[in-house]
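Okay, structure first, notes after.
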2 protein chains.
Amino acid sequence: MKKKTPTGTVLYTIEQTIKEYRKICQKNIQKIVSDITVDQCLVLIILNDNSNISQIEMARLIFKDNASVTRIIELMVKKDYLVREENELDKRKSKLVITEKGLHTIDLLTPVFNLNRKTALDGLSAEEIEQLDRILHKIISNCKTS
Amino acid sequence: MKKKTPTGTVLYTIEQTIKEYRKICQKNIQKIVSDITVDQCLVLIILNDNSNISQIEMARLIFKDNASVTRIIELMVKKDYLVREENELDKRKSKLVITEKGLHTIDLLTPVFNLNRKTALDGLSAEEIEQLDRILHKIISNCKTS
DNA sequence: TAATTATATTTGATATATCAATTAATTGCA
DNA sequence: TGCAATTAATTGATATATCAAATATAATTA
């Protein structure tokens with residue numbers, strides 16, 4: 001059996017990391033709000049800070065496929081976190097508006113998001129985080145230009 | 001008029017990285033073998049190096065849920081990459097055996113896997129990769145013990 | 001202006017993620 | 001031995017991922 005070196009496995013460690021992080025996110029979110037997912041919550045927060053963005057822009061911001069965003073938003077509308085209104089300027093786009101329930105949920109969950117980040121990055125220095133970011137962006141760049 | 005978003009943090013860079021990496025993996029795999037996914041391919045390679053492992057062990061190795069593994073393997077059996085045989089020693093477990101087609105696929109795709117890794121990590125020094133690995137494991141540990 | 005091209009979103013099909021509940025087989029212990 | 005607890009795998013329900021094709025609207029150009 002082969003010896004395991006980081007070179008052979010670090011890419012899987014990346015996958016493992018994000019999965020562990022998403023687990024604690026979901027766990028902490030559900031303590032406060034039971035019917036929302038990590039991704040739906042993320043959509044709310046992004047939309048709150050960037051009003052009037054299209055689904056495509058949202059998809060880019062959260063690194064998801066357009067089709068995924070359509071379905072995530074569909075579920076959020078069903079659960080009364082969002083409403084779709086008409087975009088007068090461009091009828092292809094939909095105007096996403098946060099409901100009262102959505103706004104309240106943001107208030108409840110913003111501290112949870114901060115806690116999650118803090119928990120995950122606990123004990124890491126600013127330099128380490130910068131290095132991590134730099135190395136990851138290098139990998140992203142390698143993949144994109146391949 | 002874009003403000004800062006949660007996805008601007010390094011934790012989402014991790015997510016973005018793994019998504020970009022999986023994209024090039026899938027792209028390169030499909031040039032050679034059209035009816036297999038990245039995850040299915042990974043199962044094949046793991047099984048080849050670790051014969052006689054149970055689905056639960058497989059799930060741990062590839063950081064997936066048992067239910068996901070059940071379904072991945074189900075599809076692989078349908079596509080004749082694997083067969084399930086009886087485990088005489090413990091009838092709860094299933095014995096996963098790679099078919100001829102599976103073995104041939106491993107031969108075809110092992111170089112692709114190596115190329116994918118090499119592409120993604122191109123230009124990174126051994127130290128950088130070790131640092132990346134170390135920092136990620138720290139985050140994993142933070143999440144697990146939270 | 002009509003026809004073409006581009007863009008935003010949706011829909012369909014299939015794969016995977018996650019949790020909870022279930023089934024079947026095995027183990028541990030009174 | 002007999003039964004409770006544990007373990008391995010499956011199944012159901014719902015959410016997300018991905019690609020391709022379809023729609024609808026907007027922008028461009030001949």
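Hydrogens, waters and symmetry mates are skipped; everything else that's a heavy atom, side chains included, is used. The sequence lines fix the lettering, A, B, ..., with proteins before strands; numbering per chain opens at 1.
- If you check residues 69-79 of chain A against DNA chain C, the residues with a heavy atom closer than 4.0 Å are A/T70, A/R71, listed by number.
- Residues A/T119 and B/N142 have side chains that never bring a donor and an acceptor to within less than 3.5 angstrom of each other.
- The salt bridge (Lys or Arg N to Asp or Glu O under 4.0 Å) search around A/K27 returns none, not counting sequence neighbours.
- A/E15 places its CD atom 14 Å from the C1' atom of D/dT16, with the value rounded to the nearest Å.
- Within residues 94-113 of chain A, the residues having any heavy atom closer than 4.0 Å to DNA chain C are, in order of number, A/S94.
- What separates CZ of B/R22 from C1' of D/dA17 is a distance of 10 Å, to the nearest Å.
- Heavy atoms of A/S68 sit under 4.0 angstrom from at least one base atom.
- Residues satisfying the side-chain hydrogen bond (donor to acceptor under 3.5 Å, both in side chains) criterion with B/K78, sequence neighbours excluded, are absent altogether.
- Across D/dT18, D/dA17, C/dT9, the shortest atom-to-atom separation from the side chain of A/K64 is found for D/dA17.
- Nearer the 5' end of DNA chain D, as judged by each residue's closest nucleotide, is the contact made by B/N66, out of B/N66 and B/Q26.
- For the pair A/T105 and A/K101, the minimum side-chain heavy-atom distance is below 4.5 Å.
- Atom C1' of nucleotide D/dT18 and atom NZ of B/K27 are separated by 15 Å, given to the nearest angstrom.
- Sequence order on DNA chain C of the closest nucleotides to B/V38 and A/I56 puts A/I56 first from the 5' end.
- Here A/D90 pairs with A/R92 under the side-chain hydrogen bond (donor to acceptor under 3.5 Å, both in side chains) rule; sequence neighbours left out.
- Checked against side-chain contact (heavy atoms from CB on, under 4.5 Å), B/I32 has the following partners two or more places apart in sequence or in another chain: B/L108, B/L109, B/V112.
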Using the 3.5 Å cut-off, write out each protein N or O paired with an N or O of nucleotides 22-29 of chain D and the distance between them.
unit_1, atom_1, unit_2, atom_2, d
D/dA26, OP1, A/K91, N, 3.0
D/dA26, O4', A/R92, NE, 3.4
D/dA26, O4', A/R92, NH1, 3.4

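- Atom pair B/D65:CG and D/dT14:C1' shows a separation of 13 Å (rounding to whole Å applied).
- Residue A/D39 is classed as a sugar-phosphate contact, given heavy-atom separations below 4.0 Å to backbone atoms only.
- By the side-chain contact (heavy atoms from CB on, under 4.5 Å) test, A/R60 pairs with A/I56, A/E57, sequence neighbours left out.
- Put simply, B/R84 has a side-chain N or O that comes within less than 4.0 Å of OP1 or OP2 on D/dT10.
- OP1 or OP2 of D/dT10 lies within a sub-4.0 Å distance of a side-chain N or O belonging to B/Q55.
- In this structure B/N28 satisfies the side-chain hydrogen bond (donor to acceptor under 3.5 Å, both in side chains) test together with B/K31, B/N116, sequence neighbours excluded.
- Applying the side-chain contact (heavy atoms from CB on, under 4.5 Å) criterion to A/N52, with sequence neighbours excluded, gives A/K95.
- Atoms CD (B/E86) and P (D/dA9) sit 13 Å apart, rounded to a whole Å.
- Distance CD1 (A/I18) to P (C/dA17): 14 Å, rounded to an integer number of Å.
- The phosphate of D/dT16 has OP1 or OP2 within less than 4.0 Å of a side-chain N or O from A/Q40.
- In this structure, B/K93 atom NZ and D/dT10 atom C1' are separated by 17 Å, rounded to whole Å.
- For the pair B/E20 and B/T17, the minimum side-chain heavy-atom distance is 4.5 Å or more.
- Taking the side-chain contact (heavy atoms from CB on, under 4.5 Å) definition, one finds that B/S125 meets it with B/E127, B/E128, sequence neighbours left out.
- Nucleotide C/dT18 holds its C1' atom 17 Å from the CD1 atom of A/I24, rounded to whole Å.
- For the pair A/K19 and C/dA17, the criterion of a side-chain N or O lying under 4.0 Å from OP1 or OP2 is met.
- Taking Ile, Leu, Val, Met, Phe, Trp and Tyr as members and joining any whose side-chain heavy atoms lie under 4.5 Å apart, directly or through other members, the hydrophobic cluster of A/V97 also contains A/V83.
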